Amino acid sequence: MRLDNMLLAEGVAGPERGRASAAAAAIVAAAGGSPDNENLEHADYREKLAQIRQIYHAELEKYEQACSEFTGHVMNLLREQSRTRPISPKEIERMVEIIHRKFIAIQMQLKQSTCEAVMILRSRFLDARRKRRNFSKQATEILNEYFYSHLANPYPSEEAKEELSKQCSITVAQVANWFGNKRIRYKKNIAKFQEEANLYTMRTAVDAAGVSSQTNQANSPATPNSALCYTPDGSL
DNA sequence: ACTAATGATTAACA
DNA sequence: TGTTAATCATTAGT
């Protein structure tokens, strides 16, 4: 009977729709759901859960139909036999009981396999590694901006990480991951990141210039002094 | 289909 | 405990 409760809680069993979304929400809450792609993941999860639910109900119905059909056959057989030998109603009852028990056992198997499917779906849903999503363009912009403007010491403090996480609408752990990856990958192949580095250092330089010189905008020659390219290995 | 980019995980380390 | 380095698994560009 634990299986019944489980299926009910997941919204697979039970009366039609309405519970599935609640179950999905509960799972997200348990996982510390990311507010970013929440809706998308939800839809995916709900869709797959609905599939499982549909299969479950179809199978259940099939079993019930087969069960009643089979009991009908057996009853007919017994009735025919009752002409040649006396059959007590108790015997008939016992026969029906046996058949029912058999079919309930089969239903149990169905419930178990359905439970398994739900569990697998849940574990996949909860495993962030399997369903990785790239950060938004803005988020990577912000992160890169910080990284290249602190290239000498690209280790944001806890507070800085929190600030970045808020700006990018990702978790602090994700910010830490990003910086870890960025540092190692930058160090590993600086040449590959030259273009990006130049882009961001130039951008911040332009921003700074824009803030300091608001009055005269006649300097369109676009700051030709972009020679601060920071090439530690001497390339370029 | 193949490959590069990328976010997450893990062990080793200081 | 936070970081590095290697690696995994998915996404995106060709």
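Remember, predicted model here, so these are calculated numbers, not experimental data. A, B, ... follow the sequence lines: proteins, then strands. Residue 1 opens every chain.
One interatomic measurement links the two molecules: CD1 of A:I184 to C1' of C:dT3, which rounds to 9 Å at whole-angstrom precision. Rounded to whole Å, atom P of C:dT4 lies 17 Å from atom CG of A:N189. One can place CG of A:N177 at 15 Å from P of B:dA11, the figure rounded to the nearest angstrom.
Within the 4.0 Å cut-off from OP1 or OP2 of B:dG7, not a single side-chain nitrogen or oxygen of A:Q174 is found. Dashed line: the shortest gap from a side-chain N or O of A:K188 to OP1 or OP2 of C:dA6 is under 4.0 Å. Taking 4.0 angstrom as the limit, A:K161 places a side-chain polar atom (N or O) nearer than this to OP1 or OP2 of C:dT3. Checking the phosphate oxygens (OP1, OP2) of B:dA5, a side-chain nitrogen or oxygen of A:K192 falls inside 4.0 Å.
Looking at heavy-atom distances under 4.0 Å, A:K182 makes no contact with the nucleic acid at all.
When only modelled atom types and interatomic distance are considered, A:E69 and A:Q65 share no side-chain donor-acceptor pair under 3.5 Å.
Counting atom types as modelled, A:N134 pairs no side-chain N or O with a base atom of B:dA5 as donor and acceptor under 3.5 Å.
Classification of A:K90 and A:E97 as a salt-bridged pair fails, no side-chain N sitting under 4.0 Å from a carboxylate O.
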A:F147 and A:Y186: ring-ring contact (aromatic ring centres under 6.0 Å, His included), yes or no, with the steps?
-> CA-CA 10 Å; A:F147 181 79; A:Y186 180 82; 5.6 Å; yes
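When ring centroids are compared, A:F179 and A:Y146 come within the 6.0 Å threshold.
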